There are 2 protein chains.
Amino acid sequence: MRAVIPYKKTKAKSRLSSVLTLKEREEFVESMLKDVVNTLSDAQIKNIDVLTTTSNSIPDNLDVKVITSEHGLNEAINSYLKNIQEPVLIIMADLPLVKSNHITDIINTKKDVVIVPGKGGGTNILYLKKPEKFTVKYYGSSFLTHCNIAKKNLNAVEIYDSFLASTDIDEPHDLVEILLHGQGLSRKYIEKKFEIDDSRGRLKLKC
Amino acid sequence: MRAVIPYKKTKAKSRLSSVLTLKEREEFVESMLKDVVNTLSDAQIKNIDVLTTTSNSIPDNLDVKVITSEHGLNEAINSYLKNIQEPVLIIMADLPLVKSNHITDIINTKKDVVIVPGKGGGTNILYLKKPEKFTVKYYGSSFLTHCNIAKKNLNAVEIYDSFLASTDIDEPHDLVEILLHGQGLSRKYIEKKFEIDDSRGRLKLKC
C-alpha cells in the first residue's frame, strides 16, 4: 500500500492570516506536513507520495516521493489514482493531531473504503483498497459526496470516528487544539507564538 | 453506576440565537436532552439523574430522576458527587451525536477516570470510578483542569478519542454536524428548519 499527501505551501492557509503572517503560515504548513509524514512512517508506511505543484518546495530531508501536477486538487488526485494498483491512503497535510495508531486502525479495516470526516463535512482521510475504481471529489460537502460515490461503487464503507483525526487546522481557534492535544513540530511551532488563556479556554498571543 | 446530566433549558444556547428563536432553542435543547437520555438507556444505564434548577422544566415522559439545585454548575455537580458512592458518568446535555457504543466503551475503561474533550478545551463527558474523591471545575480550559485534578489525585486517566462525542452543539456551524452525522430527535428538529448547501458544505435555511 501507499499514502499520498496533497500539499500546498505557497500562500497556504489564508484563514490563519489574522494570527500568522504569510511567512509564518508557510513555515507552519511545512511543520504540519513533516508531522503527517512522521506519523505515516511511525505506522510503518514505506511508500509516501507528496502531490503538489512545481511552485511548492518540499523539504529535502523528507523520505517521500514528490509528484507534481499543475491541475486542481480533484483532477490531480484522480490522475494519480488511475496509475495506482494497490491500496492507497489519501491524507491531508493539515492534520497534525493524527497519530500512528489511527493510521494502523484505518489500514487494517475490513471494509473497502474508510472515510475520516473533517469538521463541516470535509474529508480528512480517505482509504481506498481499490483506488482504480474510485473518483474523488473534494471541496463542499465532500464527506457526503465520498459516501455516495462509495455507495454507487457498492463499496462497504467505514466512517472512522476520531476527534484527533477529524481536526483539520484551518482557523485560529483550531490552533488551540494543537496546544491542547498536539505533539511534534506543529505544536512546537505554535507554542513559540501562542498560549492558552486558561480562564476562557481561548488562544492568546504570547507577549 | 449512574449517569448525571446537567441541564439548562431556560434561555439556553444563546450562541444559536442568530439561527433559532428563544422558543426554538428551548425546544431544541429538550430534543438534545431526550437524545442523550435515550443513548444512555440504550447503553443499559438504569440510573439517570438530571441536575437542573427549579426554573427548568423536564419532559414528563423521561425515565430520569430530577435533582434540583440553585447553585452554579460546578457547585451543583460537586455537591451531587459528595453523595455518590458508585461510579458516575457526567455527560453534558448538548451531545446529540454520542452513541451507546461510546458510552459502553467509556464505562468499560480500565482507568480511574475517562475524559472526553470538547472543542476548544471543554469537557463533554467525565467518567469517575470514585466520584467522592473528585472535584470538577467546568468552564474555561476544563479539559486541562480535569486532567490536572486527576493527576493530583493520582488517578489513571483515559482521554477518549471520538469526533462524535467531542462535538458539543454551541454555534450555528455545529448544526451542520447534526445533519451530517446525527440521528434521533435533534436531527429531526434541525432537518425541519435547515439543509446543507451542498456546494459549500454550509448550513442554509430551508425556504
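Quick caveat, the model's predicted, so the values are computed rather than measured. Numbered from 1 within each chain, the chains take letters A, B, ... in sequence-line order.
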(message) Could you report the tightest heavy-atom contact between A/Ile196 and B/Ser141, atom names first, then the distance?
(response)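 Minimum heavy-atom separation between A/Ile196 and B/Ser141: CG2-OG, 3.3 Å.
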
(message) Once rounded to the nearest 0.5 Å, what's the spacing between atom CG of A/Asn124 and atom CZ of B/Phe163?
(response)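 Spacing of CG (A/Asn124) from CZ (B/Phe163) equals 8.5 Å.
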
(message) Once rounded to the nearest 0.5 Å, what's the spacing between atom CG of B/Leu164 and atom OG of A/Ser166?
(response)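 Result: 8.0 Å between the selected atoms.
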
(request) Look at B/Ser142, B/Pro117, B/Ala165, B/Gly122 and state which one has the largest set of heavy-atom pairs under 4.5 Å with chain A. (result)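 Looking at each option in turn, the highest pair count goes to B/Pro117.
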
(request) Examine the side chains of A/His181 and B/Asp161 and answer whether a donor and an acceptor come within less than 3.5 Å of each other. (result)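 Side-chain D/A pair, A/His181 to B/Asp161: absent.
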
Any chance [atom1] of [X] has more than 12 other-residue heavy atoms, nucleotides or ligands included, within less than 6.0 Å?
X        : atom1 : value
B/Asp63  : CG    : no
B/Lys137 : NZ    : no
A/Lys133 : NZ    : no

(request) Measure distances from A/Leu144 to the heavy atoms of chain B and classify the residue's part below 4.5 Å as side chain, backbone, both or neither. (result)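 Contact with chain B involves the side chain of A/Leu144 alone.
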
(message) When you compare the side chain of B/Lys119 with that of A/Glu177, does any pair of heavy atoms fall below 4.5 Å?
(response)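 Answer yes - side chains close enough.
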
(message) Checking an interface table here. Which of residues 24-50 of chain A come within a heavy-atom distance under 4.5 Å of chain B?
(response)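 The residues closer than 4.5 Å to chain B amount to none at all.
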
